[in-house]
Amino acid sequence: MLEIRDMVCGYGGVTALRGISLEVKAGQLVALIGANGAGKSTTLRAISGLVAPRSGSMLFEGKDIAGARPPRVVASGIAHCPEGRRVFPHMTVEENLDMGAYLRTSAAEIAADRDRIYAEFPRLADRKRQAAGTLSGGEQQMLAIGRALMSRPRLIMFDEPSLGLAPNIVERTFAIIRGIRDAGTTVLLVEQNAFAALDMCDHAYLLEAGRIVLSGPGAEMIENEHVRKAYLGG
Ligand code: ATP
């Protein structure tokens, strides 16, 4: 579904990705793990068109999206649930959801999808007229996920969804992400919590200093000695 080859990416004088290749197959939950600064967020930003790759290729469903601007990436079927959730704090819950549908035109379909999200996240329904900035961290995470789903993506990318959330909310968030994959949407997940990510993914890639140094099924990666020592506390 998504194929990246030899992608190089950076910011000014900093090279964040030194030629990465990875593949996300349709229907899978693929995890990208690695330490702080390894280049995980940059990978997602490059796919979303928020940073332009310096070289390499990126195909989504056979179409070249390398260097495409974010609206074209969203229109092609990719949604990004960013690190830190980034809800629009002064807009209501409902307005935030509608922002996820900004490229869609059918008001009836948008309303139906909004209702589906309210059914799944009743706390959002109760707070639909409340400013998003007043929600708890867990509620903001649900809103960020709901907003991403409002574009009806075929691939949804999550950047550190567990960051800063209470343990029970982390569990709930991971369950939602698995549910999204089980319902047929492909998932690319960036996650600090390497054990949780490897445990729930179909396939994983390990990034170190801008390079992919290891990849394989989650169950195999969990058994790998280097992964165990460096990322799973031995
Ligand atoms: P984290 O989990 O800390 O977000 P990460 O694996 O997602 O880590 P990136 O955020 O992709 O890592 O960062 C990769 C490299 O690019 C780091 O060296 C970082 O300092 C650098 N970098 C990231 N964003 C910028 C920016 N806007 N300007 C300059 N350098 C940046």
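Fair warning: this is a prediction, and the values are worked out from it, not measured in the lab. Numbering of ligands and ligand atoms starts at 1, following listing order. What's counted below: heavy atoms across the whole structure, side chains too, no hydrogens, waters or symmetry copies.
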Any residue meeting side-chain contact (heavy atoms from CB on, under 4.5 Å) with P217, in chain and number order, not counting sequence neighbours: H203, E220
Looking at every heavy atom in both T42 and Y11, which two are closest together, and how far apart are they? OG1-OH, 2.7 Å
Just jot down the side chain to side chain donor-acceptor pair (under 3.5 Å) partners of Q192, sequence neighbours excluded, or say none. N36, E160
Shell of residues surrounding ligand 1, defined by a 4.0 angstrom heavy-atom cut-off that is strict: Y11, A16, A35, N36, G37, A38, G39, K40, S41, T42, R45, E83, E160, Q192
Assess the residue pair E95 and H90 against the criterion (side-chain hydrogen bond (donor to acceptor under 3.5 Å, both in side chains)); give the C-alpha distance rounded to whole Å, side-chain angles, the decisive distance to 0.1 Å, and a yes or no. CA-CA 10 Å; E95 287 165 347; H90 303 297; over 6 Å; no
Does the R228 side chain pair with the main chain of I222, one donor and one acceptor, at a distance under 3.5 Å? yes
Using the salt bridge (Lys or Arg N to Asp or Glu O under 4.0 Å) rule, collect all pairs that involve residues 164-187, keeping only residues at least two apart or in two chains. R181-D202
